[in-house]
Amino acid sequence: MKSIIVSTVIGITVVALAGCANKTVVSYGDATAVETTDINFGSTDLQKVATQMTESLILSPVVGTLTADTRPIVFVERIKNKTSEHIDTESITDSISTKLLRSGKFRFVDMGRVAAVREQLNYQQNGGMVNPSKAIAFGKQVGAQYMLYGNLASIVKSTKDKTDVYYKFTMRLMDLESGLVEWADETEIRKTRETARVGW
Amino acid sequence: MLQAIRSIFLFVVVIFMLTGCASMTFGDLFAGYAQQMQSVTIPAANGRFDQALQQVTEREISDTNYVLTLLEKGRLTHLAGDHNASKTYFNQASIYIVQQKLKAKLQLSQGVQNIGAMLSNDNAITYAVPDYEQSMLHSYQALNYLYLGNHEAALVEIRKANLVQRAALENNVDEINGAIASLLGDAELGWQSVSAKYPEMAEVIGEVKNGFQNAYTFYLSAVLYEASGELNDAYIDYKKALAIYPNNRSLQNDVLTMANKLGMTADLAQFEQRFGQYTQVDIENEGQIVVLYDEGLVKGRDEILLRLPVDTSQDEMRFYSLALPVYQESHQLSYCAQLSLNNKTLDFSQIVAVEALAAQTLKSQLPSLITRQVIRLITKEKMRKKLSKEAGDVGNILANLYNFASERADTRSWLTLPQSSNIVRSHLTPGKHRLSFTVGGMNKQIDVEIKASRITLVNITSMGNYIDYKTVNL
């Protein structure tokens, strides 16, 4: 009788401990591989959104005429996060502006670094360390002609068995002089997750 | 004698093993959560949050009460003004909750936990954060983000809170009805005899209809939406809050104002019929002040012992005691709070009574709680019989002692939430203002800066002799 109890306890202990144990494995993977770790906004969504938006912008006929003999100067306002997740939308705009710059059709001004630039110019002008004839003067920068901005919204529905997430990413390019929206496009992503029936 | 002790010892070991990857502390087996938390709630109720924070028990992630520790710490650091730390705790808690939700429908570990709980008490089951606590978690997290200057992230938290409330509304109704129906089918379990003896909790619950619709979250959400210019969303959430507190003057006024602003003439006419004529005040260039006043600390669950007659196989009546959690009638005093500004005095109106939500949640859990408790009683009685057969009187006594000591009600709940929250709202001219807040004979001067056509949020907390406030321009 006693031996049965003892062996049961040992058996359960082993099972319990084995259930808790997990091995750590580190490996490298493809940065553009499809990632489906969970249903939240992930790297695949980011890449998909950035690629589709840049392609649409570059291939759009209106933008074709805009960039025919000049490289317009654009500034990225921001992507407003209207989802129910904390998403780094700056990372999306970074990807998009990098791709656009790479295409060679646009030039960008970076509003996120204005304070740093001002500090540097101040140092050059008033620091007393830089040769005044070679110091960069204030008021020589060029202003942006276009503004790129957008929204990321989501609709989440979930029941006990299923969760469905729909993302809609909208982007627009506005001519700052006329206020006209020259280009707009949207990308949709739908993801569903079904709850497993049995698990630990 | 020795054999009996060994059996009991093995038995306790088995309980700890059975809980599998989830663990419970030894204290949880023999003392309720509310009782253990007294060393935290007493200093916290007097505004000594740092001291309270040190008293919160550290728990492993595998502990069944792990998420509760995170919630208590998150709220205490929030109260103490350390919003970065609070953000981290709430974030961890919210990740934990999501992970629990994503788990498989049929969980092996849960089955094992249930067996463990059969032999000990409900504290062996992983704490499932009820919906009202989840919506409060996201509300406080939104406030954390606001104080840290990240308005967009605050709105994300608000949307998360709304998702929780919507999912709760869809899922809960069937669940509660299903549980009661299945219980009534099984008359043996003595649902009638238990429910006849169990207190009604009517006074605690008041007029609250369910335990998951939280007007505080809707209101905070509406104010934030209004501040960010999303008036349609704001209007919807004001209406949802009003549905829960139809007599709240402040909310009535908000709904009327918003309906008027959005040009919802049909709605406006309907609301005017209910609440009286809406008169548009000339508010050109004026700012608004929204005051959220959190009062006291929510009361924990008490434990009651019900004596139940059970027919044994030998046709003799034996009485067994069932330990069940309950919210006793509240003896906490609620003082009338007032805010004076520009020589006029404004009364606060209640937007949430956390205790009522908690009691209503408990009420909806009762059927499954009692089922488990009765099955547990039978299991423990079987164990007692077996021990008394194997080890005679000593085994009998030991088993009885164990059964008595381990029969503990599940008194777990988030205990550092406020007892209630109240609101007041007014227009003010831009510039610096000094307001005076009065509650229960105490007075606090509040300095606010109002900006033209903007909302200034003031969050006042009072506990015992402690009053403090925090302001943020939305």
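From a predicted model like this one, the values you see are computed outputs, not experimental measurements. The analysis underlying the following values was restricted to heavy atoms, covering all of them including side chains, and did not include hydrogens, waters or symmetry mates. All chains are named by letter (A, B, ...) in the order of the sequence lines, taking the proteins before the strands, and each is independently numbered beginning at 1.
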Within a 6.0 Å radius of atom [atom1] on [X], are there more than 12 heavy atoms belonging to other residues, nucleotides or ligands?
| X | atom1 | result |
| --- | --- | --- |
| Gln141(A) | CD | no |
| Gln125(A) | CD | yes |
| Ile136(A) | CD1 | no |

Item to check | Minimum-distance pair of heavy atoms, taken over all atoms of Asn81(A) and Val156(B) | outcome: ND2-CG2, 3.6 Å
Item to check | Closest approach of Val156(A) to Leu163(B) (non-hydrogen atoms, all atoms of both residues) | outcome: O-CD2, 3.7 Å
Atom pairs and distances, side-chain donor-acceptor, residues 62-76 of chain A, under 3.5 Å, sequence neighbours left out:
| from | atom 1 | to | atom 2 | distance (Å) |
| --- | --- | --- | --- | --- |
| Thr65(A) | OG1 | Val62(A) | O | 2.6 |
| Thr67(A) | OG1 | Val63(A) | O | 2.8 |
| Thr67(A) | OG1 | Gly64(A) | O | 3.4 |
| Arg71(A) | NE | Gly104(A) | O | 3.3 |

Item to check | Interatomic spacing from CG in Asn162(B) to OG in Ser84(A) - rounded to 0.5 Å | outcome: 9.5 Å
Item to check | Among Arg78(A), Lys82(A), His86(A), the one residue meeting side-chain contact (heavy atoms from CB on, under 4.5 Å) with Glu152(B) | outcome: Arg78(A)
